[in-house]
2 protein chains.
Amino acid sequence: MPVRPPATGEDPRIVRSRAIILAAAHDHFVAHGYLGANIDALAEEAGVSKRTVYNIYGGKEELFRAVLDRAIGIAEEFSRELADAMATVGLEGLAVRLVRVLLSDRVVPLRRLLIGESRRFPELAAAYYDRAPGLVMRTLAEHLPTLPGLRIDDPDTAAAHFAFLVVGAPLDRAMFGEQRLGDTELERAALAGVAAFRRAYAAAGNGP
Amino acid sequence: MPVRPPATGEDPRIVRSRAIILAAAHDHFVAHGYLGANIDALAEEAGVSKRTVYNIYGGKEELFRAVLDRAIGIAEEFSRELADAMATVGLEGLAVRLVRVLLSDRVVPLRRLLIGESRRFPELAAAYYDRAPGLVMRTLAEHLPTLPGLRIDDPDTAAAHFAFLVVGAPLDRAMFGEQRLGDTELERAALAGVAAFRRAYAAAGNGP
DNA sequence: CCTACCGATCGGTAGG
DNA sequence: CCTACCGATCGGTAGG
């Protein structure tokens, strides 16, 4: 998935520089934001000259978009893996995976960046939402009604309830940089969320 | 040049300018972020000279902190009002108020700004979290066990579950700038969250 | 001659 | 309060 059309053949030096710059730019933009990013520093961190950055990516904004296109693509892949996992693992397994991915050092800083730049780059924030959390939520909405022991009248609402019972509180805390929970506590919180979900959506028991 | 004596705080012109600048700066920082903010533009929007801004607030960072100190104080007030309302309105009434406040044009942009600047100003993001959502959550944890018809074993977890069942999905969407739900849909989503919470934490019915 | 790259520097802007 | 202006910084580019 070439972010830019292969303007000049497939010179392995360019291919290599492109990947190196993209990785360094990701870290740099995540650390400093769009305006706070410095192409000189970024290029130095990537170990290439600034000119190379401009030759390959054209400019700061284009580089930023390339970085986020890739990051959103990766987030989409993770989301698809989560979606695939629904068929094989139970709700508890899904919850633990969900919380691990969303509270990871890959996702939290990316979400911070996209939220912080959502006025400057609204399409990027929207694309992320649609292709990552939105994808998970849509798949959940399809999957939940097929599970035994649950009664799901409104799949979209149930999917949102599951997701935010599992990750809501720790994720919101993390967005503000509050101390991240340890893995054990995260898992505990995720399972407590699943338990609450199962009680709320149990097939038997409390009829309408 | 700035020969103004430190006997500030009494001069009504300063008091007035201070308030005008603070309000204009709030809008400006929320719209552009910290680095994107422009003191010349901000001063013009406030209708004062740039020099006045520096006379009163000293600099960009000090002005930013003053703006956010005030905004966090206001968010804390709202949270305290929500806390007070718990004694008089039911869970449904509380949920509707919660969703209205958190999804408002006052709170969503403030949260975006604080999250976006949470690396540059970690104490501000932490202060907001502690004094606004944290305060609501702590009060909820105290309040929920006193309500009839519910069985609350772990008040902190139950408080988090209530809050994120009610506002989780629409708030997360809103952070990424996705189209805000209408008041009717928001209220509907909030009440669906309360209904799920009541099922999950019903005192009678589904034993283990 | 071309592509990739570097050292050096310019035009424009922002905080102060 | 305004204009003018500084020291510094930064995105982007020309020469080699």
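Chain naming here is simple, since letters A, B, ... match the order of the sequence lines and numbering starts at 1 in each. All values derive from a computational prediction rather than experimental measurement.
For residues 60-100 of chain B, the ring-ring contact (aromatic ring centres under 6.0 Å, His included) pairs, not counting sequence neighbours, are B:Phe29-B:Phe64, B:Tyr34-B:Phe64, B:Phe64-B:Phe121. The side chain to side chain donor-acceptor pair (under 3.5 Å) contacts involving residues 22-32 of chain B comprise B:His28-B:Glu45, where partners must be two or more places apart or lie in separate chains.
Note that B:Arg199 lies in the cation-pi zone of A:Tyr201, set by a 6.0 Å cut-off to the ring centre and a 45° limit from the axis.
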Inset, instruction - Using Watson-Crick or G-U wobble pairs with both distances under 3.5 Å, give me DNA chain D in dot-bracket, 5' to 3', with [ ] for crossers and | for pairs to another strand. - result: ....||...||.|.|.
If you restrict it to nitrogen or oxygen atoms, what contacts under 3.5 Å exist between nucleotides 9-11 of chain D and the protein, and what is each distance?
| unit_1 | atom_1 | unit_2 | atom_2 | d |
| --- | --- | --- | --- | --- |
| D:dC10 | OP2 | A:Asn38 | ND2 | 3.1 |
| D:dG11 | OP1 | A:Ala37 | O | 2.7 |
| D:dG11 | OP1 | A:Lys60 | NZ | 2.8 |
| D:dG11 | OP2 | A:Ile39 | N | 3.1 |

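Ring orientation note: the planes of A:Phe162 and A:Phe197 are nearly perpendicular, at an angle over 60° on the 30°/60° scale.
For the pair A:Pro109 and A:Val30, the tightest heavy-atom approach, listed with the atom from each and the gap, is CB-CG1, 3.5 Å.
A salt bridge is absent between B:Arg120 and B:Glu61: the closest approach of a Lys/Arg side-chain nitrogen to an acidic carboxylate oxygen does not fall below 4.0 angstrom.
Not counting sequence neighbours, A:Glu185 has no partner by the side chain to side chain donor-acceptor pair (under 3.5 Å) test.
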Residues 139-147 of chain B, side-chain donor-acceptor partners within the protein, below 3.5 Å, at least two apart:
| unit_1 | atom_1 | unit_2 | atom_2 | d |
| --- | --- | --- | --- | --- |
| B:Thr139 | OG1 | B:Leu135 | O | 2.6 |
| B:His143 | NE2 | B:Met86 | O | 2.9 |
| B:Thr146 | OG1 | B:His143 | O | 2.6 |

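Whole-Å rounding puts the B:Arg51 CZ to D:dC5 P distance at 16 Å. In this entry the distance linking CD of A:Glu44 with C1' of C:dC5 reads 16 Å, nearest Å. In this structure, CZ of A:Arg18 is placed 11 Å from P of C:dC5, rounded to the nearest angstrom.
Between A:Ser49 and C:dC5, a side-chain N or O to OP1/OP2 separation shorter than 4.0 Å is absent.
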